[in-house]
Number of protein chains: 2
Amino acid sequence: MIVETPRARYRQVADELRKEIRLGKYPAGTLLPSQPELARKYGLNQTSINRAIALLRAEGLVRVEHGVGAFVQEIPTVKRVRRIPRSDGSGSSFAEEVQKVGLKPHAPLVGLDIVPAPAMVAERLGLAENDPVVRRRRHMFVGERPVQLAISYIPLEIAGGEEIALPDTGPSGLYRRLGDRGYPIERFVEEIEARHPTEEEAEFLRLTDAQHVLEVVRIAYAANNVAAETVTNVLPSQQWRLSYEWTAS
Amino acid sequence: MIVETPRARYRQVADELRKEIRLGKYPAGTLLPSQPELARKYGLNQTSINRAIALLRAEGLVRVEHGVGAFVQEIPTVKRVRRIPRSDGSGSSFAEEVQKVGLKPHAPLVGLDIVPAPAMVAERLGLAENDPVVRRRRHMFVGERPVQLAISYIPLEIAGGEEIALPDTGPSGLYRRLGDRGYPIERFVEEIEARHPTEEEAEFLRLTDAQHVLEVVRIAYAANNVAAETVTNVLPSQQWRLSYEWTAS
DNA sequence: TAGTGGTCTAGACCACTGC
DNA sequence: CAGTGGTCTAGACCACTAA
(Lines give C-alpha, C1' and ligand atoms only; values in the text may rest on other atoms or scores of the structure.)
Protein backbone atom coordinates (compact mmCIF):
# COMPACT_ATOMS: atom_id res chain seq x y z
CA MET A 1 0.00 0.00 0.00
CA ILE A 2 1.14 3.48 -0.79
CA VAL A 3 1.56 5.64 2.28
CA GLU A 4 -0.71 8.48 1.32
CA THR A 5 -1.32 10.09 4.66
CA PRO A 6 -3.99 12.62 3.73
CA ARG A 7 -6.25 9.78 2.58
CA ALA A 8 -7.36 7.38 5.29
CA ARG A 9 -6.00 3.85 4.97
CA TYR A 10 -9.46 2.32 5.11
CA ARG A 11 -10.50 4.56 2.23
CA GLN A 12 -7.51 3.41 0.24
CA VAL A 13 -8.50 -0.19 0.86
CA ALA A 14 -12.03 0.61 -0.32
CA ASP A 15 -10.60 2.28 -3.43
CA GLU A 16 -8.47 -0.77 -4.13
CA LEU A 17 -11.36 -3.21 -3.72
CA ARG A 18 -13.64 -1.00 -5.79
CA LYS A 19 -11.09 -1.02 -8.57
CA GLU A 20 -10.60 -4.78 -8.40
CA ILE A 21 -14.35 -5.34 -8.54
CA ARG A 22 -14.61 -3.06 -11.55
CA LEU A 23 -11.79 -4.90 -13.29
CA GLY A 24 -13.50 -8.24 -12.73
CA LYS A 25 -11.12 -9.73 -10.18
CA TYR A 26 -14.16 -10.37 -8.01
CA PRO A 27 -17.06 -11.05 -10.41
CA ALA A 28 -20.66 -10.35 -9.44
CA GLY A 29 -22.03 -12.86 -6.96
CA THR A 30 -18.66 -13.94 -5.62
CA LEU A 31 -17.36 -13.40 -2.12
CA LEU A 32 -14.67 -10.94 -1.22
CA PRO A 33 -11.84 -12.31 0.92
CA SER A 34 -12.73 -12.39 4.60
CA GLN A 35 -11.98 -9.41 6.79
CA PRO A 36 -9.14 -11.09 8.72
CA GLU A 37 -7.61 -12.13 5.42
CA LEU A 38 -7.81 -8.60 4.00
CA ALA A 39 -6.41 -7.29 7.29
CA ARG A 40 -3.32 -9.48 6.84
CA LYS A 41 -3.01 -8.54 3.19
CA TYR A 42 -3.10 -4.81 3.83
CA GLY A 43 -1.32 -4.88 7.18
CA LEU A 44 -4.30 -3.35 8.92
CA ASN A 45 -6.59 -4.19 11.80
CA GLN A 46 -9.85 -6.01 11.16
CA THR A 47 -11.67 -2.97 12.50
CA SER A 48 -10.22 -0.85 9.71
CA ILE A 49 -11.09 -3.42 7.06
CA ASN A 50 -14.61 -3.46 8.44
CA ARG A 51 -14.85 0.28 7.85
CA ALA A 52 -13.62 -0.15 4.30
CA ILE A 53 -16.28 -2.78 3.61
CA ALA A 54 -18.89 -0.51 5.19
CA LEU A 55 -18.06 2.09 2.55
CA LEU A 56 -18.60 -0.38 -0.26
CA ARG A 57 -21.89 -1.41 1.35
CA ALA A 58 -23.05 2.16 1.47
CA GLU A 59 -22.27 2.49 -2.21
CA GLY A 60 -24.24 -0.63 -3.00
CA LEU A 61 -21.23 -2.32 -4.53
CA VAL A 62 -21.33 -5.14 -2.04
CA ARG A 63 -23.97 -6.94 -0.03
CA VAL A 64 -22.90 -8.40 3.31
CA GLU A 65 -24.42 -11.47 4.92
CA HIS A 66 -23.56 -11.78 8.55
CA GLY A 67 -21.58 -14.91 9.28
CA VAL A 68 -21.04 -15.54 5.59
CA GLY A 69 -19.19 -12.74 3.88
CA ALA A 70 -19.36 -9.82 1.48
CA PHE A 71 -20.90 -10.61 -1.91
CA VAL A 72 -20.21 -8.50 -4.95
CA GLN A 73 -23.54 -7.07 -6.10
CA GLU A 74 -24.94 -8.03 -9.46
CA ILE A 75 -24.66 -5.47 -12.23
CA PRO A 76 -27.62 -3.09 -12.33
CA THR A 77 -29.27 -4.73 -15.32
CA VAL A 78 -32.50 -2.79 -15.24
CA LYS A 79 -30.92 0.58 -15.81
CA ARG A 80 -32.07 2.59 -18.80
CA VAL A 81 -35.54 1.12 -18.71
CA ARG A 82 -38.02 3.86 -19.38
CA ARG A 83 -41.26 5.27 -18.11
CA ILE A 84 -42.87 7.30 -20.81
CA PRO A 85 -46.16 9.13 -20.61
CA ARG A 86 -47.82 8.22 -23.87
CA SER A 87 -50.68 9.62 -25.83
CA ASP A 88 -52.99 6.88 -24.59
CA GLY A 89 -52.43 8.30 -21.16
CA SER A 90 -50.69 5.43 -19.48
CA GLY A 91 -47.10 5.26 -18.50
CA SER A 92 -45.49 2.41 -20.35
CA SER A 93 -45.90 -0.81 -18.46
CA PHE A 94 -43.22 -2.57 -16.56
CA ALA A 95 -43.34 -5.69 -18.71
CA GLU A 96 -43.15 -3.83 -22.00
CA GLU A 97 -40.17 -1.80 -21.00
CA VAL A 98 -38.19 -4.65 -19.54
CA GLN A 99 -38.82 -6.79 -22.61
CA LYS A 100 -37.49 -3.98 -24.76
CA VAL A 101 -34.08 -4.48 -23.21
CA GLY A 102 -34.28 -8.22 -23.78
CA LEU A 103 -35.02 -9.41 -20.26
CA LYS A 104 -37.72 -11.68 -18.89
CA PRO A 105 -39.91 -9.92 -16.38
CA HIS A 106 -42.61 -11.26 -14.14
CA ALA A 107 -44.75 -9.36 -11.69
CA PRO A 108 -46.72 -11.75 -9.51
CA LEU A 109 -49.68 -10.45 -7.57
CA VAL A 110 -48.88 -10.84 -3.90
CA GLY A 111 -52.01 -9.35 -2.48
CA LEU A 112 -55.47 -8.16 -3.55
CA ASP A 113 -57.81 -7.04 -0.84
CA ILE A 114 -60.07 -4.32 0.50
CA VAL A 115 -58.63 -2.25 3.32
CA PRO A 116 -59.26 1.05 5.11
CA ALA A 117 -57.32 3.82 3.33
CA PRO A 118 -54.07 4.78 5.07
CA ALA A 119 -53.70 8.52 5.68
CA MET A 120 -51.37 9.19 2.74
CA VAL A 121 -53.57 7.25 0.36
CA ALA A 122 -56.72 8.95 1.59
CA GLU A 123 -55.10 12.33 0.99
CA ARG A 124 -54.07 11.41 -2.54
CA LEU A 125 -57.47 9.99 -3.44
CA GLY A 126 -59.45 12.73 -1.74
CA LEU A 127 -61.07 10.29 0.67
CA ALA A 128 -61.54 10.28 4.40
CA GLU A 129 -59.03 8.20 6.30
CA ASN A 130 -60.18 4.58 6.58
CA ASP A 131 -62.64 4.80 3.69
CA PRO A 132 -62.49 1.40 1.97
CA VAL A 133 -60.09 1.00 -0.94
CA VAL A 134 -59.08 -1.89 -3.17
CA ARG A 135 -55.39 -2.58 -2.67
CA ARG A 136 -53.27 -4.50 -5.18
CA ARG A 137 -49.69 -5.36 -4.33
CA ARG A 138 -47.16 -6.68 -6.79
CA HIS A 139 -43.57 -7.83 -6.55
CA MET A 140 -41.65 -7.32 -9.75
CA PHE A 141 -38.74 -9.45 -10.87
CA VAL A 142 -36.36 -9.60 -13.78
CA GLY A 143 -35.41 -13.23 -13.94
CA GLU A 144 -34.78 -14.23 -10.33
CA ARG A 145 -33.92 -10.73 -9.33
CA PRO A 146 -36.32 -8.47 -7.38
CA VAL A 147 -36.37 -5.03 -8.95
CA GLN A 148 -39.49 -3.19 -7.92
CA LEU A 149 -42.46 -3.06 -5.55
CA ALA A 150 -45.84 -1.70 -6.55
CA ILE A 151 -48.94 -0.96 -4.49
CA SER A 152 -52.07 0.30 -6.17
CA TYR A 153 -55.13 1.77 -4.45
CA ILE A 154 -58.59 2.40 -5.91
CA PRO A 155 -61.55 3.75 -3.94
CA LEU A 156 -63.98 0.88 -3.44
CA GLU A 157 -66.82 3.12 -4.52
CA ILE A 158 -65.14 3.56 -7.88
CA ALA A 159 -63.74 0.06 -8.25
CA GLY A 160 -66.94 -1.74 -7.35
CA GLY A 161 -64.91 -4.68 -6.11
CA GLU A 162 -61.56 -6.38 -6.12
CA GLU A 163 -62.13 -7.91 -9.56
CA ILE A 164 -61.21 -4.66 -11.29
CA ALA A 165 -57.56 -5.19 -10.40
CA LEU A 166 -57.29 -8.90 -11.12
CA PRO A 167 -54.08 -10.32 -12.60
CA ASP A 168 -53.17 -10.04 -16.26
CA THR A 169 -54.81 -6.63 -16.12
CA GLY A 170 -52.11 -4.34 -17.41
CA PRO A 171 -52.27 -0.67 -16.52
CA SER A 172 -54.14 0.26 -19.67
CA GLY A 173 -56.50 -2.65 -18.99
CA LEU A 174 -57.26 -1.24 -15.60
CA TYR A 175 -57.84 2.23 -17.00
CA ARG A 176 -60.14 0.85 -19.68
CA ARG A 177 -62.18 -0.88 -16.97
CA LEU A 178 -62.34 2.33 -14.98
CA GLY A 179 -63.60 4.05 -18.13
CA ASP A 180 -66.26 1.37 -18.54
CA ARG A 181 -67.40 2.04 -15.01
CA GLY A 182 -67.91 5.73 -15.76
CA TYR A 183 -64.52 7.06 -14.73
CA PRO A 184 -62.54 7.71 -17.90
CA ILE A 185 -59.07 8.94 -16.93
CA GLU A 186 -58.22 12.47 -18.04
CA ARG A 187 -55.03 13.38 -16.29
CA PHE A 188 -52.02 11.82 -14.62
CA VAL A 189 -49.61 13.22 -12.08
CA GLU A 190 -46.41 11.49 -11.05
CA GLU A 191 -44.26 12.57 -8.15
CA ILE A 192 -40.74 11.25 -7.69
CA GLU A 193 -38.86 11.22 -4.47
CA ALA A 194 -35.67 9.58 -3.26
CA ARG A 195 -35.59 8.15 0.24
CA HIS A 196 -34.21 5.40 2.41
CA PRO A 197 -35.92 2.05 2.04
CA THR A 198 -38.07 0.67 4.82
CA GLU A 199 -36.84 -2.57 6.34
CA GLU A 200 -39.37 -4.55 4.35
CA GLU A 201 -38.35 -2.89 1.09
CA ALA A 202 -34.66 -3.31 1.85
CA GLU A 203 -35.17 -7.01 2.43
CA PHE A 204 -37.16 -7.68 -0.71
CA LEU A 205 -34.96 -5.55 -2.95
CA ARG A 206 -31.82 -6.83 -1.23
CA LEU A 207 -30.57 -3.41 -0.29
CA THR A 208 -28.64 -2.13 2.65
CA ASP A 209 -30.30 0.70 4.50
CA ALA A 210 -27.54 3.00 3.29
CA GLN A 211 -28.77 2.68 -0.28
CA HIS A 212 -31.66 4.67 -1.63
CA VAL A 213 -34.87 3.93 -3.45
CA LEU A 214 -36.94 6.03 -5.79
CA GLU A 215 -40.57 6.28 -4.87
CA VAL A 216 -42.76 7.08 -7.85
CA VAL A 217 -46.33 7.96 -6.94
CA ARG A 218 -48.84 8.24 -9.75
CA ILE A 219 -52.37 9.52 -9.39
CA ALA A 220 -54.91 9.04 -12.18
CA TYR A 221 -57.70 11.61 -12.31
CA ALA A 222 -61.10 11.20 -13.93
CA ALA A 223 -63.46 14.09 -14.68
CA ASN A 224 -63.89 16.87 -12.09
CA ASN A 225 -60.49 16.02 -10.61
CA VAL A 226 -61.79 12.84 -9.06
CA ALA A 227 -58.79 10.68 -8.19
CA ALA A 228 -59.61 7.17 -9.40
CA GLU A 229 -56.37 5.37 -8.67
CA THR A 230 -52.97 5.85 -7.11
CA VAL A 231 -49.94 3.62 -7.57
CA THR A 232 -46.74 3.72 -5.61
CA ASN A 233 -43.68 2.15 -7.19
CA VAL A 234 -40.54 1.63 -5.16
CA LEU A 235 -37.34 0.91 -7.06
CA PRO A 236 -33.66 0.78 -6.15
CA SER A 237 -32.29 4.09 -7.36
CA GLN A 238 -29.08 2.58 -8.62
CA GLN A 239 -30.82 0.15 -10.93
CA TRP A 240 -33.21 2.43 -12.74
CA ARG A 241 -33.26 5.46 -14.91
CA LEU A 242 -36.61 7.16 -15.40
CA SER A 243 -37.54 8.88 -18.60
CA TYR A 244 -40.30 11.33 -19.47
CA GLU A 245 -41.15 12.68 -22.87
CA TRP A 246 -43.59 15.33 -24.04
CA THR A 247 -44.21 17.50 -27.02
CA ALA A 248 -44.26 21.26 -27.32
CA SER A 249 -47.39 23.15 -28.44
CA MET B 1 -29.19 4.42 27.95
CA ILE B 2 -31.34 1.35 27.70
CA VAL B 3 -29.30 -1.80 27.41
CA GLU B 4 -30.77 -3.18 24.25
CA THR B 5 -28.13 -5.61 23.17
CA PRO B 6 -29.43 -6.57 19.73
CA ARG B 7 -29.17 -2.93 18.65
CA ALA B 8 -25.66 -1.49 18.57
CA ARG B 9 -24.98 1.22 21.14
CA TYR B 10 -23.79 3.64 18.50
CA ARG B 11 -27.04 3.13 16.61
CA GLN B 12 -28.98 3.87 19.76
CA VAL B 13 -27.02 7.09 20.20
CA ALA B 14 -27.80 8.02 16.60
CA ASP B 15 -31.49 7.25 17.22
CA GLU B 16 -31.45 9.45 20.30
CA LEU B 17 -29.76 12.36 18.54
CA ARG B 18 -32.06 12.00 15.54
CA LYS B 19 -35.05 12.20 17.85
CA GLU B 20 -33.69 15.23 19.70
CA ILE B 21 -33.01 17.01 16.43
CA ARG B 22 -36.53 16.26 15.26
CA LEU B 23 -37.98 17.57 18.51
CA GLY B 24 -36.05 20.80 18.19
CA LYS B 25 -33.56 20.33 21.04
CA TYR B 26 -30.84 21.09 18.49
CA PRO B 27 -32.36 23.54 16.00
CA ALA B 28 -31.11 23.78 12.42
CA GLY B 29 -27.76 25.48 12.14
CA THR B 30 -26.68 24.79 15.70
CA LEU B 31 -23.83 22.57 16.80
CA LEU B 32 -24.28 19.20 18.41
CA PRO B 33 -22.31 18.67 21.61
CA SER B 34 -18.71 17.64 20.92
CA GLN B 35 -17.81 14.01 20.58
CA PRO B 36 -15.93 13.80 23.88
CA GLU B 37 -18.89 15.40 25.60
CA LEU B 38 -21.35 12.95 24.06
CA ALA B 39 -18.99 10.13 24.96
CA ARG B 40 -19.18 11.15 28.63
CA LYS B 41 -22.93 11.60 28.47
CA TYR B 42 -23.59 8.17 27.02
CA GLY B 43 -20.75 6.37 28.80
CA LEU B 44 -19.16 5.39 25.50
CA ASN B 45 -15.85 5.80 23.78
CA GLN B 46 -15.28 8.71 21.41
CA THR B 47 -14.77 6.17 18.63
CA SER B 48 -18.30 4.90 19.10
CA ILE B 49 -19.74 8.41 19.18
CA ASN B 50 -17.88 9.11 15.96
CA ARG B 51 -19.66 6.17 14.35
CA ALA B 52 -23.01 7.47 15.53
CA ILE B 53 -22.31 10.89 14.03
CA ALA B 54 -21.19 9.20 10.81
CA LEU B 55 -24.65 7.66 10.53
CA LEU B 56 -26.33 11.03 10.87
CA ARG B 57 -23.95 12.43 8.26
CA ALA B 58 -24.85 9.69 5.85
CA GLU B 59 -28.50 10.50 6.34
CA GLY B 60 -27.86 14.15 5.65
CA LEU B 61 -29.20 15.19 9.04
CA VAL B 62 -25.92 16.72 10.07
CA ARG B 63 -23.00 18.41 8.34
CA VAL B 64 -19.59 18.08 9.97
CA GLU B 65 -16.81 20.65 9.72
CA HIS B 66 -13.49 19.27 10.75
CA GLY B 67 -12.10 21.05 13.77
CA VAL B 68 -15.39 22.78 14.41
CA GLY B 69 -18.22 20.38 15.03
CA ALA B 70 -21.38 18.82 13.73
CA PHE B 71 -24.00 21.28 12.50
CA VAL B 72 -27.65 20.34 12.28
CA GLN B 73 -28.64 20.63 8.65
CA GLU B 74 -31.25 23.13 7.64
CA ILE B 75 -34.69 21.73 6.94
CA PRO B 76 -35.09 20.64 3.32
CA THR B 77 -36.97 23.73 2.31
CA VAL B 78 -37.06 23.04 -1.38
CA LYS B 79 -39.02 19.87 -1.14
CA ARG B 80 -42.32 19.70 -3.00
CA VAL B 81 -41.18 22.15 -5.62
CA ARG B 82 -42.38 20.93 -8.96
CA ARG B 83 -41.17 20.41 -12.46
CA ILE B 84 -44.15 20.26 -14.71
CA PRO B 85 -44.10 19.76 -18.45
CA ARG B 86 -46.57 22.40 -19.57
CA SER B 87 -48.50 22.99 -22.69
CA ASP B 88 -46.02 25.63 -23.84
CA GLY B 89 -43.48 22.87 -23.89
CA SER B 90 -41.09 24.05 -21.25
CA GLY B 91 -40.66 22.60 -17.83
CA SER B 92 -41.60 25.22 -15.30
CA SER B 93 -38.63 27.35 -14.43
CA PHE B 94 -36.66 27.13 -11.25
CA ALA B 95 -37.51 30.68 -10.18
CA GLU B 96 -41.25 30.30 -10.73
CA GLU B 97 -41.51 27.14 -8.77
CA VAL B 98 -39.46 28.31 -5.83
CA GLN B 99 -41.43 31.54 -5.61
CA LYS B 100 -44.62 29.52 -5.48
CA VAL B 101 -43.56 28.15 -2.12
CA GLY B 102 -42.72 31.63 -0.89
CA LEU B 103 -38.93 31.54 -1.09
CA LYS B 104 -36.43 33.87 -2.71
CA PRO B 105 -34.40 32.16 -5.38
CA HIS B 106 -31.46 33.37 -7.36
CA ALA B 107 -29.53 31.57 -10.03
CA PRO B 108 -26.36 33.46 -10.89
CA LEU B 109 -24.58 32.66 -14.12
CA VAL B 110 -21.17 31.29 -13.20
CA GLY B 111 -19.92 30.58 -16.67
CA LEU B 112 -20.79 31.19 -20.30
CA ASP B 113 -18.33 30.03 -22.91
CA ILE B 114 -17.72 28.00 -26.04
CA VAL B 115 -16.07 24.63 -25.50
CA PRO B 116 -15.51 21.35 -27.36
CA ALA B 117 -18.42 19.00 -26.63
CA PRO B 118 -17.65 16.35 -24.00
CA ALA B 119 -18.46 12.80 -25.09
CA MET B 120 -21.77 12.54 -23.23
CA VAL B 121 -22.94 15.89 -24.51
CA ALA B 122 -21.94 15.09 -28.07
CA GLU B 123 -23.94 11.88 -27.86
CA ARG B 124 -27.02 13.65 -26.58
CA LEU B 125 -26.85 16.40 -29.16
CA GLY B 126 -25.94 14.11 -32.05
CA LEU B 127 -22.61 15.84 -32.58
CA ALA B 128 -19.09 14.59 -33.03
CA GLU B 129 -16.99 14.73 -29.91
CA ASN B 130 -15.25 18.10 -29.58
CA ASP B 131 -17.64 19.92 -31.92
CA PRO B 132 -18.04 23.43 -30.48
CA VAL B 133 -20.94 24.03 -28.11
CA VAL B 134 -22.12 26.98 -26.07
CA ARG B 135 -21.97 26.10 -22.41
CA ARG B 136 -23.91 27.92 -19.73
CA ARG B 137 -23.39 27.08 -16.08
CA ARG B 138 -25.57 28.26 -13.25
CA HIS B 139 -25.52 27.87 -9.48
CA MET B 140 -28.93 28.00 -7.93
CA PHE B 141 -29.67 29.22 -4.44
CA VAL B 142 -32.67 29.63 -2.23
CA GLY B 143 -31.68 32.47 0.06
CA GLU B 144 -28.09 31.66 1.04
CA ARG B 145 -28.55 28.00 0.50
CA PRO B 146 -27.18 26.19 -2.55
CA VAL B 147 -29.83 23.87 -3.93
CA GLN B 148 -29.06 23.01 -7.53
CA LEU B 149 -26.43 23.02 -10.29
CA ALA B 150 -27.31 23.45 -13.94
CA ILE B 151 -25.21 23.11 -17.07
CA SER B 152 -26.72 23.79 -20.44
CA TYR B 153 -25.19 22.97 -23.84
CA ILE B 154 -26.25 24.22 -27.27
CA PRO B 155 -24.46 23.35 -30.54
CA LEU B 156 -22.61 26.48 -31.67
CA GLU B 157 -23.99 26.00 -35.14
CA ILE B 158 -27.50 26.34 -33.78
CA ALA B 159 -26.80 28.95 -31.12
CA GLY B 160 -24.84 31.28 -33.36
CA GLY B 161 -22.95 32.58 -30.38
CA GLU B 162 -22.87 32.85 -26.62
CA GLU B 163 -25.42 35.65 -26.57
CA ILE B 164 -28.30 33.25 -26.96
CA ALA B 165 -27.85 32.06 -23.40
CA LEU B 166 -27.27 35.38 -21.71
CA PRO B 167 -28.63 36.03 -18.20
CA ASP B 168 -32.25 36.84 -17.50
CA THR B 169 -33.06 34.48 -20.32
CA GLY B 170 -35.51 32.07 -18.73
CA PRO B 171 -35.94 28.65 -20.29
CA SER B 172 -38.88 29.76 -22.38
CA GLY B 173 -36.86 32.82 -23.42
CA LEU B 174 -34.09 30.57 -24.66
CA TYR B 175 -36.52 28.38 -26.54
CA ARG B 176 -38.16 31.42 -28.13
CA ARG B 177 -34.74 32.56 -29.34
CA LEU B 178 -34.03 29.12 -30.71
CA GLY B 179 -37.34 29.33 -32.56
CA ASP B 180 -36.37 32.72 -33.96
CA ARG B 181 -33.17 31.18 -35.27
CA GLY B 182 -35.12 28.55 -37.18
CA TYR B 183 -35.15 25.80 -34.56
CA PRO B 184 -38.61 25.76 -32.99
CA ILE B 185 -38.66 23.11 -30.27
CA GLU B 186 -41.06 20.23 -30.86
CA ARG B 187 -40.27 17.64 -28.24
CA PHE B 188 -38.61 17.25 -24.85
CA VAL B 189 -37.12 14.21 -23.18
CA GLU B 190 -36.05 14.15 -19.56
CA GLU B 191 -34.10 11.34 -17.97
CA ILE B 192 -33.74 11.05 -14.22
CA GLU B 193 -31.03 9.18 -12.45
CA ALA B 194 -29.84 8.98 -8.86
CA ARG B 195 -26.12 8.82 -8.21
CA HIS B 196 -23.36 9.84 -5.85
CA PRO B 197 -22.26 13.45 -6.15
CA THR B 198 -18.87 14.32 -7.58
CA GLU B 199 -16.51 16.07 -5.18
CA GLU B 200 -17.25 19.40 -6.78
CA GLU B 201 -21.00 18.87 -6.50
CA ALA B 202 -20.74 17.66 -2.92
CA GLU B 203 -18.81 20.77 -1.96
CA PHE B 204 -21.16 23.24 -3.58
CA LEU B 205 -24.32 21.52 -2.40
CA ARG B 206 -22.78 20.86 1.03
CA LEU B 207 -23.31 17.14 0.86
CA THR B 208 -21.35 14.24 2.20
CA ASP B 209 -20.40 11.68 -0.40
CA ALA B 210 -22.75 9.24 1.28
CA GLN B 211 -25.73 11.30 0.20
CA HIS B 212 -27.23 11.12 -3.25
CA VAL B 213 -28.14 13.58 -5.94
CA LEU B 214 -30.72 13.43 -8.68
CA GLU B 215 -29.39 14.14 -12.14
CA VAL B 216 -32.10 15.37 -14.48
CA VAL B 217 -31.01 15.53 -18.10
CA ARG B 218 -33.32 17.27 -20.53
CA ILE B 219 -32.92 17.29 -24.29
CA ALA B 220 -34.93 19.70 -26.45
CA TYR B 221 -35.55 18.55 -30.02
CA ALA B 222 -36.39 20.74 -32.99
CA ALA B 223 -37.75 19.41 -36.29
CA ASN B 224 -36.29 16.21 -37.76
CA ASN B 225 -35.14 15.14 -34.32
CA VAL B 226 -32.38 17.73 -34.28
CA ALA B 227 -31.26 18.14 -30.67
CA ALA B 228 -31.00 21.88 -30.07
CA GLU B 229 -30.17 21.97 -26.39
CA THR B 230 -29.43 19.75 -23.43
CA VAL B 231 -29.51 20.76 -19.77
CA THR B 232 -28.23 18.77 -16.84
CA ASN B 233 -29.60 19.64 -13.43
CA VAL B 234 -28.03 18.21 -10.31
CA LEU B 235 -30.03 18.41 -7.10
CA PRO B 236 -29.71 16.89 -3.65
CA SER B 237 -32.19 14.06 -3.65
CA GLN B 238 -33.32 14.69 -0.10
CA GLN B 239 -34.34 18.27 -0.79
CA TRP B 240 -36.44 17.86 -3.88
CA ARG B 241 -39.51 16.14 -5.12
CA LEU B 242 -40.02 16.04 -8.86
CA SER B 243 -43.44 16.13 -10.39
CA TYR B 244 -44.69 15.36 -13.90
CA GLU B 245 -48.18 15.83 -15.20
CA TRP B 246 -49.82 14.90 -18.47
CA THR B 247 -53.26 14.45 -19.88
CA ALA B 248 -54.88 11.46 -21.46
CA SER B 249 -56.08 12.28 -24.91
C1' DT C 1 -17.44 -26.36 15.99
C1' DA C 2 -14.69 -23.07 13.25
C1' DG C 3 -15.12 -19.22 10.47
C1' DT C 4 -17.50 -15.18 9.37
C1' DG C 5 -18.89 -10.22 10.21
C1' DG C 6 -20.27 -6.53 13.99
C1' DT C 7 -19.27 -3.96 17.97
C1' DC C 8 -16.66 -1.83 21.59
C1' DT C 9 -12.69 -0.23 24.48
C1' DA C 10 -8.72 2.46 26.07
C1' DG C 11 -5.56 4.83 24.39
C1' DA C 12 -2.98 7.12 20.97
C1' DC C 13 -1.81 10.34 17.30
C1' DC C 14 -3.03 13.29 13.59
C1' DA C 15 -5.29 17.32 11.04
C1' DC C 16 -8.00 21.14 11.27
C1' DT C 17 -10.11 25.46 13.35
C1' DG C 18 -10.24 29.54 15.94
C1' DC C 19 -8.50 32.36 19.41
C1' DC D 1 -2.69 27.28 22.09
C1' DA D 2 -6.89 24.35 23.35
C1' DG D 3 -10.65 22.13 21.41
C1' DT D 4 -12.61 19.88 17.65
C1' DG D 5 -13.27 15.72 14.53
C1' DG D 6 -10.78 11.60 11.99
C1' DT D 7 -8.12 7.54 12.11
C1' DC D 8 -5.89 3.48 13.86
C1' DT D 9 -4.45 -0.30 17.03
C1' DA D 10 -4.53 -4.57 19.75
C1' DG D 11 -7.40 -7.05 21.75
C1' DA D 12 -11.77 -8.62 23.19
C1' DC D 13 -16.43 -10.42 22.94
C1' DC D 14 -20.65 -11.17 20.57
C1' DA D 15 -23.99 -12.94 16.90
C1' DC D 16 -24.59 -15.42 12.96
C1' DT D 17 -23.82 -19.32 9.51
C1' DA D 18 -22.44 -23.61 7.93
C1' DA D 19 -20.67 -28.11 8.44
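Rounded to whole angstrom, the span from the CD atom of B/Q35 across to the C1' atom of D/dT7 amounts to 11 Å. The distance from atom CZ of A/F71 to atom P of C/dT4 is 13 Å, rounded to the nearest whole Å. Between A/Y42 atom OH and D/dT9 atom P the separation is 14 Å, expressed in whole Å. Rounded to a whole Å, the NE2 atom of A/H66 is 7 Å from the P atom of D/dC16. Atom pair A/R51:CZ and C/dG5:P shows a separation of 18 Å (rounding to whole Å applied). The CD atom of A/Q46 sits 14 Å away from the P atom of D/dG11 (whole-angstrom rounding). Taking atom CG of residue A/N50 and atom C1' of nucleotide C/dT7, one finds them 8 Å apart after rounding to whole Å. A/N45 has its CG atom 8 Å from the C1' atom of D/dG11, to the nearest Å.
Counting any heavy atom pair closer than 4.0 Å across all strands shown, B/L44 reaches sugar-phosphate atoms only and no base atom.
Considering only side-chain N and O atoms, A/Y10 lies under 4.0 angstrom from the phosphate OP1 or OP2 of D/dT7. The side chain of B/R11 contributes an N or O atom lying less than 4.0 Å from OP1 or OP2 of C/dT7. Phosphate contact (OP1/OP2 of C/dG5, side-chain N/O of A/R63, threshold under 4.0 Å): absent. For C/dT7, neither phosphate oxygen OP1 nor OP2 lies less than 4.0 angstrom from any side-chain nitrogen or oxygen of B/S48.
The nearest heavy atom of DNA chain C to A/G69 and to A/T47 marks one nucleotide each, and the one closer to the 5' end goes with A/G69. With the nearest nucleotide of DNA chain D identified for both A/E65 and B/L32, B/L32 has the one nearer the 5' end.
Taking the six-membered ring where the residue is Trp, B/H196 and B/H212 present perpendicular rings, their angle passing 60° and hence far from 30°.
Taking the six-membered ring where the residue is Trp, the centroids of B/F71 and B/Y26 are separated by 6.0 Å or more.
Comparing D/dT4, C/dC8, D/dT7 by their closest approach to the side chain of B/P36 singles out D/dT4. Taking only side-chain atoms of B/S34, from C-beta outward, the nucleotide of C/dG18, D/dG5, C/dT7 with the closest atom is D/dG5.
Judged by a 6.0 Å distance limit and a 45° cone about the ring axis, A/R135 is not positioned over the six-membered ring of A/Y153.
A salt bridge links A/R18 to A/E59: at least one charged side-chain nitrogen sits closer than 4.0 Å to a carboxylate oxygen.
With values rounded to the nearest 0.5 angstrom, B/L242 atom CG is found 10.0 Å from B/S237 atom OG.
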